[in-house]
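Structure, as structure tokens:
Just so you know, residue 1 is the first one in the sequence shown, and it goes up from there.
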Amino acid sequence: MTISKHTEETYWLHIKLQGKRRFRFRTTLGSIFVWLIVLPVAELFRHQEHAFSAQFFVIWLVLLPIFLFEGYLRAGWLWKDFEKKFPQDTYHP
């Protein structure tokens with residue numbers, strides 16, 4: 001499934017109006033979702049009889065700042081990518 005260039009450009013304008021700070025925050029929330037939901041579910045499927053050991057919780061907490069940093073960096077990368085893809089002076093609705 002591909003998204004049309006016009007739809008993507010409209011999405012970018014909507015994001016840009018809301019601001020870079022909010023975009024970074026929302027992208028980082030996506031990373032927290034992965035950390036909070038996906039990692040424990042993966043642990044359940046990996047160790048069904050001994051799930052959620054102390055070792056898991058230590059690793060899980062160590063991974064939190066890594067996931068937050070990843071979300072922050074990904075948001076910056078996406079923002080720059082959209083700015084290059086849709087320069088401000090080329091938008092035509």
Side-chain angles (χ1 to χ4, degrees):
M1 184 170 123
T2 61
I3 299 173
S4 72
K5 186 168 175 111
H6 178 71
T7 305
E8 195 174 23
E9 192 169 8
T10 305
Y11 172 71
W12 164 239
L13 285 175
H14 180 70
I15 288 172
K16 197 171 183 179
L17 286 173
Q18 291 178 345
K20 190 174 186 177
R21 183 176 174 191
R22 181 175 175 165
F23 179 69
R24 282 193 188 261
F25 178 74
R26 293 187 75 181
T27 306
T28 304
L29 279 181
S31 294
I32 291 174
F33 171 76
V34 171
W35 174 80
L36 188 63
I37 304 297
V38 174
L39 289 177
V41 170
E43 177 70 8
L44 278 175
F45 284 118
R46 198 171 72 109
H47 297 292
Q48 292 179 351
E49 65 278 348
H50 299 329
F52 305 116
S53 64
Q55 180 185 9
F56 167 75
F57 284 110
V58 169
I59 292 171
W60 194 48
L61 289 174
V62 167
L63 286 176
L64 176 61
I66 295 169
F67 273 76
L68 290 172
F69 189 59
E70 178 273 332
Y72 181 81
L73 290 178
R74 188 166 44 96
W77 173 77
L78 285 171
W79 188 271
K80 287 178 187 174
D81 187 46
F82 276 129
E83 281 183 333
K84 277 194 260 180
K85 197 172 189 178
F86 304 111
Q88 191 168 359
D89 57 348
T90 62
Y91 178 69
H92 303 291

Output for pair (Trp12 CH2, Phe82 CZ), nearest 0.5 Å, gives 7.5 Å

Sequence neighbours excluded, the answer for side chain to side chain contact (heavy atoms under 4.5 Å, CB included) partners of Phe57 is Phe52, Trp60

What one should report as the nearest heavy-atom pair of Ser31 and Gly71 is OG-CA, 3.2 Å

Subject >> Cluster check Phe56, Leu36: I/L/V/M/F/W/Y, side chain < 4.5 angstrom >> reply: yes

Note to self: Tell me if the OH atom of Tyr72 is crowded by more than 12 foreign heavy atoms within 6.0 Å.
What the structure shows: no

- Item | Leu78 side chain reached by Arg74 side chain, heavy atoms, under 4.5 Å | yes

Here the gap from His14 atom NE2 to Tyr11 atom OH, rounded to the nearest 0.5 Å, amounts to 8.5 Å

Interatomic distance, CG@Leu29 vs CZ@Arg26, rounded to 0.5 Å, equals 8.0 Å

Note to self: Starting from Leu61, can I reach Phe33 by hopping between I/L/V/M/F/W/Y residues whose side chains sit under 4.5 Å apart?
What the structure shows: yes

Check: If you group Ile, Leu, Val, Met, Phe, Trp and Tyr by side-chain heavy-atom gaps below 4.5 Å, do Val62 and Val34 land in one group?
Finding: no

Nearest heavy-atom contact between Leu64 and Trp35 is N-NE1, 3.5 Å

Nearest heavy-atom contact between Thr7 and Ser4 is OG1-OG, 2.7 Å

Quiz prompt | Contact check, side chains of Leu63 and Ile59, non-hydrogen atoms, under 4.5 Å | solution = yes

Taking every heavy atom of Glu8 against every heavy atom of Lys85, the minimum-distance pair comes out as OE1-NZ, 2.9 Å

**Q.** pair Phe23-Thr27: side-chain heavy atoms closer than 4.5 Å
**A.** yes

The reported gap from NZ in Lys80 to NZ in Lys20 (rounded to nearest 0.5 angstrom) is 6.5 Å

Practice task
Determine whether Leu68 and Ile32 make a side-chain contact, defined as any pair of heavy atoms from C-beta on separated by less than 4.5 Å.
Solution key: yes

message: Quiz question: by atom type and distance under 3.5 Å, do the side chains of Glu83 and Trp79 form a donor-acceptor pair?
response: yes

